Amino acid sequence: MRVLDTRKTELPMSTAYHPETVETEAQQYWAEAKCFEVGEDTDKEKFYCLTMFPYPSGKLHMGHVRVLTISDVIARYQRMQGKHVMQPMGWDAFGMPAENAAIRNKVPPAKWTYANIKEMRSQMDRLGYAYDWSREIATCRPEYYRWEQWLFIKMFAKGLVYRKNSIVNWDPVDQTVLANEQVIDGRGWRSDALVERREIPQWFMKITAYADELLDELDRMPGWPDSVKTMQRNWIGRSEGVELTFDVAGEEEPLTVFTTRPDTLFGVTYMAVAAEHPLAEKAAAENAEVAAFVAECKQMDAAEATIETMEKKGMPLGISVIHPLTGDEVPLWVANFVLMSYGTGAVMAVPGHDERDWEFAKKHGLPIRQVIAPADGSDIDIDEAVFVDKGITVNSGDYDGLDYEAAFNSIADWFEQNGRGRRTVNYRLRDWGVSRQRYWGAPIPIIYCDDCDAVPVPEEDLPVVLPEDVEFTGHGSPLKDIPEFVNVECPNCGKDARRETDTLDTFVESSWYFARYACPDNDSAMLDERAAYWMPVDQYTGGIEHAILHLLYSRFFQRVMRDEGLSDDSEPFTNLLTQGMVLKDGAKMSKNKGNVVDPQELIAKYGADTVRLFMMFAAPPEQALEWSDEGVRGSFRFLKRFWNAVQAHLDAGPVGRLDVAALDTRQKDLRRKTHQSIAKISDDLGRRYTFNTAIAASMELLNAVTRFEDESEMGRAVVHEALEAVVLMLSPMVPHICHALWAALGHETALVDVRWPTVDQSALETDLVEIVVQVNGKLRGRVSVAADADNDTIGQQALADPNVQRFVAGKEVRKTIVVPGRLVNIVV
RNA sequence: GCCGGGGUGGCGGAACUGGUAGACGCGCCGGAUUCAAAAUCCGGUUUCCGAAAGGAAGUGAGGGUUCGAUUCCCUCCUCCGGCACCA
């Protein structure tokens, strides 16, 4: 047999697999040759490969390693396809964890962040990622955030940013604004105080101005997963409906509501407003019970998930609303599930034909009226079950007997003709609130003057630099206590004025960093012609948890930059791959659960290639990956086998030229396997992104080589071709070991500059194919038939199989289905 | 609650366009090597019946379409992601 067993080969010590040596040498070569630093080469096809940049939280965790490796595999594969590949890396460096660490350790957020960046960058280098570090970005650097301050000012000038009141979680004890995740069961995480909803003025970006464009373009984005596009469509939530005004008894101001179901208007039996609505406030002033209820409503956190899952509560305000068509009075309620920030803060309730209204009416004994009947004429009992389908109007006065469309149109017409409403489009999408009452973020470039109101900082005064050397207590933003920061002259009138101390949402930084990687050093413009060369990103990789917010904000910002003349592109990311989480024992790795696996330890023990290989082999990228220590050992074993197989082949001496015409059957079989594998793995890596099956196919090919016992000249030549193919095809996943083995196989050119292997179609040809034979859909036998046999011949051969005969004998063959090259199904 | 995704051997997963369910790997069992162990190599491994040949069942549960369903449709269970201040 072929000698691949280390025991028998007695290899010198120097040829054993030592990952650390191999990896250090490869990494040194890449660094010294500057293999991954790229300029703009218009003669080559560019490929921009990008991973969502990490938050510098301290050390890399397995989730990072997974997504970084996925992106690296794609980058390296595309390079082998001859593309001009850029893969940059940087840091989403502003954010809350730095403030929390500052409170805990008495270290300024900046210092903590820069230390983490240093640590994580060295970990990334140890993993062998093909990054162009000359383009590194850290969003907390003024050179970076000055340009988003600049864009903010441009948007201000265009009316794309504006200020309005909105609700935050207020911790009355710590006197600070809390993030949703800092509110636990309605209480502050540190103070344990009951959180209040408080309205404060905040800055908003008008993403709704682009709502239709963001929605429509989704239909022309084939490189994005359908699931993400569907989530974004639903998030934008475009609905066509009617705005209707209802008079309120004893009030000047009418109540405006939006509905997509004006056909159900005659079924309105009550109305409801949010606790913050002026009518609720007014009633609260006169009625202690209402006041208590309104106060209770304000004492819950602002997250939609909380509001949707909590008990639906409400209370009549003692105010009547006049039904515009019947003139009937219906009661006005205040309800905890109506949101002031969504639509008009008021809703009309049709309990007969809306699930939530029906349950609320049942609970509070409000009347339920049927005004829609099923289109098929069947009877329903509206007291027993709600009916939400579209149907035919009944009990609707002059509007009876109409289908949805007719009823919608005639009622909408009436409101428009009487000046009491209008057809309108409503979006679930709300404008983006970007103000954060926090220190560790990019300062909002606004100055408040008593005379001139909010004035943007003049362009020439940018950046507004965040002071980095601060004492951080956790009680409000330290910026308020820095007079040199706060006290400024009004750029308009020169009077004493105050600087804005709120900072920008960190999603702002991550909404344009991808374009800045093209020109990170430009200090006179946000973007330049290099961005035009590299954008859009050809392959973007990141967690599915960003399916909506980050990806939608980035699509919005790309359009803002386009309309500012900075880019010709509307969409930032041509292809999107969303990777799953890394789990251990079925749960997300987290410090709380104590199930964290540190990549560092594994790299020290097995090397970076083993860690990379396991990550890519254990699951396809979109799926959650279950961690397994045994699986890692298996990957290490495979790499040792791989190494030893190549070494054993080399030890047997030089290899002659492959003469395809001189091969015997078994040599042809191995060569067919080689080229089948090249075809499959190319497809897995280039189209399907199923790295797990690509690795499995490489293992199969290596197993075939190991089992192949043929020391003849042609036997060794066929083995040589197979081993070279495996080395090339595994190299995107395990670049270090392949770098070393490629050189050992006698090549002068470093693997990183070698092209991907090509399929020799003639090697795939075969004379006989195996066909599966079924009887009534059950597997009963296999037959070997000529590859070019016609269906009749295949059918007859199938019928002749002895075991097939056992099930067919004495019965009439009713039908024979032949799937060429695959199977025959005989139906009796 | 709403939106999106998943559920296949003891475990991770494969089956790409409706056509052989379980590739590849882990684990386990048996064997070789070893004084012994580790490491390594060889063989086996969905479950049940059977000495074997072979047969029956089987992809979260139930139903449907089809010559044929892990794949398509309906109902349900369950786990995960998001829900606008975690990033």
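The model shown is predicted, which means the values in this text are computed figures rather than measured ones. Just so it is clear: chains get the letters A, B, ... in the order the sequence lines come, proteins before strands, and each one is counted from 1.
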Fill in: Gap between atoms CD1 and P, on Ile307(A) and A84(B) respectively (whole Å)
8 Å

Response to the item:
Mate of G1(B) across any strand shown (Watson-Crick or G-U wobble, both atom pairs under 3.5 Å) is C83(B)

Item to complete: Could you tell me which nucleotide pairs with C76(B) by Watson-Crick or G-U wobble geometry, both distances under 3.5 Å, or answer none if nothing does?
Response: G60(B)

Worksheet item: When we call it a touch if two heavy atoms are under 4.0 Å apart, what does Val177(A) touch: a base, just sugar-phosphate, or nothing?
Response: base

Worksheet item: What nucleic acid atoms does Trp627(A) come within less than 4.0 Å of, heavy atoms only: base, sugar-phosphate, or nothing?
Response: nothing

Worksheet item: Contact class for Gln202(A) (heavy atom, under 4.0 Å): base, sugar-phosphate, or nothing?
Response: base

Response to the item:
If pairing means Watson-Crick or G-U wobble with both distances under 3.5 Å, then the partner of G30(B) is C42(B)

Item to complete: Select base, sugar-phosphate, or nothing to describe what Ser628(A) touches, counting heavy atoms under 4.0 Å on all strands.
Response: nothing

Fill in: Residue Lys778(A), side-chain heavy atoms: nucleotide from A56(B), G13(B), A21(B) that is nearest
A56(B)

Fill in: Touch class at under 4.0 angstrom, heavy-atom based, for Tyr55(A) against every strand present
sugar-phosphate

Worksheet item: At under 4.0 Å between heavy atoms, what does Val168(A) touch on the DNA or RNA strands: base, sugar-phosphate, or nothing?
Response: base

Discussion item. Measuring from the side chain of Leu429(A) (C-beta onward, heavy atoms only), which nucleotide among A84(B), G19(B), C26(B) has the closest atom?
Written reply: A84(B)

Item to complete: Would you classify Gln623(A) as touching base, sugar-phosphate or nothing, given that sugar-phosphate means primed atoms plus P, OP1 and OP2, and contacts are heavy atoms under 4.0 Å?
Response: sugar-phosphate

Discussion item. Just the rounded figure in Å: distance from P of A84(B) to CG of Asn234(A).
Written reply: 16 Å

Item to complete: Report yes if a side-chain nitrogen or oxygen of Arg633(A) is closer than 4.0 Å to either non-bridging phosphate oxygen (OP1 or OP2) of A39(B); otherwise report no.
Response: no

Item to complete: Give a yes or no on whether a salt bridge exists between Lys680(A) and Glu700(A), defined as a side-chain N under 4.0 angstrom from a carboxylate O.
Response: no

Worksheet item: Looking for any heavy atom pair under 4.0 Å, which part of the strands does Met581(A) touch: base, sugar-phosphate only, or nothing?
Response: sugar-phosphate

Worksheet entry | G27(B), syn or anti by chi within 90 degrees of zero | anti

Discussion item. Need to verify one output field. Residue with the more 5' nearest nucleotide on RNA chain B, Glu308(A) or Phe807(A)?
Written reply: Glu308(A)

Item to complete: Select base, sugar-phosphate, or nothing to describe what Leu583(A) touches, counting heavy atoms under 4.0 Å on all strands.
Response: nothing

Worksheet item: Just how far, in rounded Å, is C1' of C85(B) from CG of Asn100(A)?
Response: 13 Å

Item to complete: Describe the nucleic acid contact of Ser435(A) in one word from base, sugar-phosphate, nothing, applying a heavy-atom distance below 4.0 Å.
Response: base

Worksheet item: Checking all strands, does Arg436(A) fall into the base, sugar-phosphate, or nothing category for heavy-atom contacts under 4.0 angstrom?
Response: base

